[in-house]
Every structure is written in structure tokens, then in C-alpha cells.
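First up is the structure itself, then whatever we jot down about it.
Both backbone and side-chain heavy atoms feed into the values below; hydrogens, waters and symmetry mates do not. One-based numbering, in listed order, for ligands and for the atoms of each.
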Amino acid sequence: MAFELPKLPYAYNALEPHIDALTMEIHHSKHHQAYVTNVNAAIAGSDTEKLSIEEICKNISKYPMPVRNNGGGHFNHSLFWSIMAPNAGGEPTGELAVAINSAFGSFAEFKTLFSTAGTTRFGSGWAWLIVAEGKLAVCSTPNQDNPLMDIAEVKGTPILAMDVWEHAYYLKYQNKRPDYIAAFWSVVNWAEVSKRFNEAK
Ligand code: MN
């Protein structure tokens, strides 16, 4: 049972003008596809093929680097596509809004913390909002690591992910990562993040 590239739940141009269509198309059909192809090749013929990508991530220290990099890439991007949507953004409501206020003081403070996690991640990586022991936390990881991994500095269940690899923004924003991060808030699918929060807490 090989992993498959998930279909994007919206068109490549659906996140315009915040994330451009060409970036989305290359990111999904080339970068994410490569992670899927390479993790499948790395686990082909082994018992690992029976496991979910989450199970693999949780025990990632047992696997060689190609599984960590490409399996992480597959999990991270699958989450990333799902937490974005056209006509999205704004602020969360309900229990997630209450939890964000209680963990970070306010939505504005959370936004600053998460944005800073993205801008200060040196080189390639991800910023995360996670649920750890029932509480929300913000962290970042290098490369294609994620907080599910047993090697992660900060562990938890990711409910919001932001890709800060240059391939996620360079065509439109070039070296201006902070401009991409500012635009990211306009495409966050809070309904999906809330759903994931309710499942994780
Ligand atoms: Mn990416």
C-alpha cells in the first residue's frame, strides 16, 4: 500500500493573490509528489509499508534519513494543503479561540509568536501550532521534521502548519519571507484547524 499524493481540495489559483498559482502547482505536483515517490521507494518491500505516515513519524528515530526527510515531507504537506482555503483567514471562533486566548493572551499575540517562529527558522523548515498534553504551543522544526517525530525538540499533535521553505514563496515573494508569512494569515482555514484541535485535545 504505497502512499499517494492527496488531491488538492481547491484549484491551484484558488489562493491568489496571497499564494500564486504557479507556486502552488510546482509545490504540490512536483515537490510533494517527490516526497511521496521517495518515501515509497525508501520503504518498498518492508513492513513499514503497512504503517500510516503518522505511525512512521512517531518512531522516526528507527528509520534512515530518506524516510525522515520524505515521510516528513509527505505528512507536512498533506496537513499544509488542508489548513489553507480560498476565502479564508480571519480569526478562529469557539473553543479554539478560547484556547488560543488562554495559552497566548490574545489572537494577536499568538499571531506574532507563530509568525516569529516562521521568520526566525534559519534555512528551511516549518512553523507549527500544536496540542501537547491538552495545551496549545507554538514551535518550529528544521527541514521536513515535525512535532509528531520522536526526535523533535518540542513534541505534540500539529493542528496548523506553515511551510517556510523558499519553494513555498520564492516565485512571488523572493527573499521577503515575512511578506509571505503576513499573506499566509489570509488563507488559514480555521474551520479545519478547529476540527483538528477538537480531535487532538
Ligand atoms: Mn514545501
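Remark: the His32 side chain and the Trp81 side chain contain an N/O donor-acceptor pair separated by less than 3.5 Å. Tyr63 and Arg68 form no side-chain donor-acceptor contact under 3.5 Å, judged by distance and modelled atom types alone.
For His167, the nearest N, O or S atom to the Mn ion (ligand 1) falls under 2.8 Å. Distances from the Mn ion (ligand 1) show that His77 has an N/O/S atom below 2.8 Å.
Although no hydrogens or angles enter the test, the distance criterion places no donor-acceptor pair under 3.5 Å between the side chain of Trp126 and the main chain of Asp145. In this structure, Asn76 contributes its side chain and Gln144 its backbone to a donor-acceptor pair below 3.5 Å.
With respect to the Mn ion (ligand 1), Asp163 has OD2 as its nearest N, O or S atom.
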